[in-house]
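Please read the structure below before turning to the comments.
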Amino acid sequence: MKTTKNTVAYVSVLFMIAIWGFLFARKGGYIPEGLQLVIFLLIMLFGVYAFFINMRRHKDLLAGLPPDDEFTVRIKYQAGYYTFITSLYFWFGLFLVKDLVPDHDTLFGLGVLAPAVMFMVARSYLGRHFDENAN
């Protein structure tokens, strides 16, 4: 349980550092636009998602439930499979529209962050609609 409290604290501190860093950078004259702003918002979304996942895990530990059971592991594997297949098509689409993206760093950042969002969406969906009887 102590590691869960530490994880929640670390995620909270990193999230606040990111917000303050963004505010200081903006005050200093750096204003992200377009895809850079989308990438920053995706990173912040990951922080919020990680915070809520760790809070739920902490509540489960306090209630005496195991943090990961067979059902949760199956959901993670299924979400990972769907994310992998979808990300292959996403990368293919990115290479088709690479002329619309200003630089390769932004293209690569979007290609790495988007599958993480896909995994979060797939895991959340499967957590609510998982069919245990399906193979």
Value rounded to 0.5 Å, distance of CZ in Arg74 from CG in Leu126 | 10.5 Å
Group every Ile, Leu, Val, Met, Phe, Trp and Tyr by side-chain heavy-atom contacts under 4.5 Å, then state whether Val121 and Tyr77 land in the same group.
-> no
For the pair Thr86 (side chain) and Thr83 (backbone), establish whether a donor and an acceptor sit closer than 3.5 Å, ignoring hydrogens and angles.
->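 No; zero donor-acceptor contacts below 3.5 Å.
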What residues, two or more places apart in sequence or in another chain, satisfy side chain to side chain donor-acceptor pair (under 3.5 Å) together with Thr72?
-> Asp69
Looking at Arg123 and Ile75, what are the two nearest heavy atoms and their distance?
->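 Answer, listing the atom of Arg123 first, then Ile75: O-CG2, 4.0 Å.
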Please report the shortest heavy-atom distance between Phe119 and Gly80, naming the atom on each side.
-> CE1-N, 3.7 Å
Throw together a table of side-chain donor-acceptor distances under 3.5 angstrom for residues 89-100, partners on residues two or more places apart or in other chains.
from, atom 1, to, atom 2, distance (Å)
Trp91, NE1, Gly111, O, 3.4

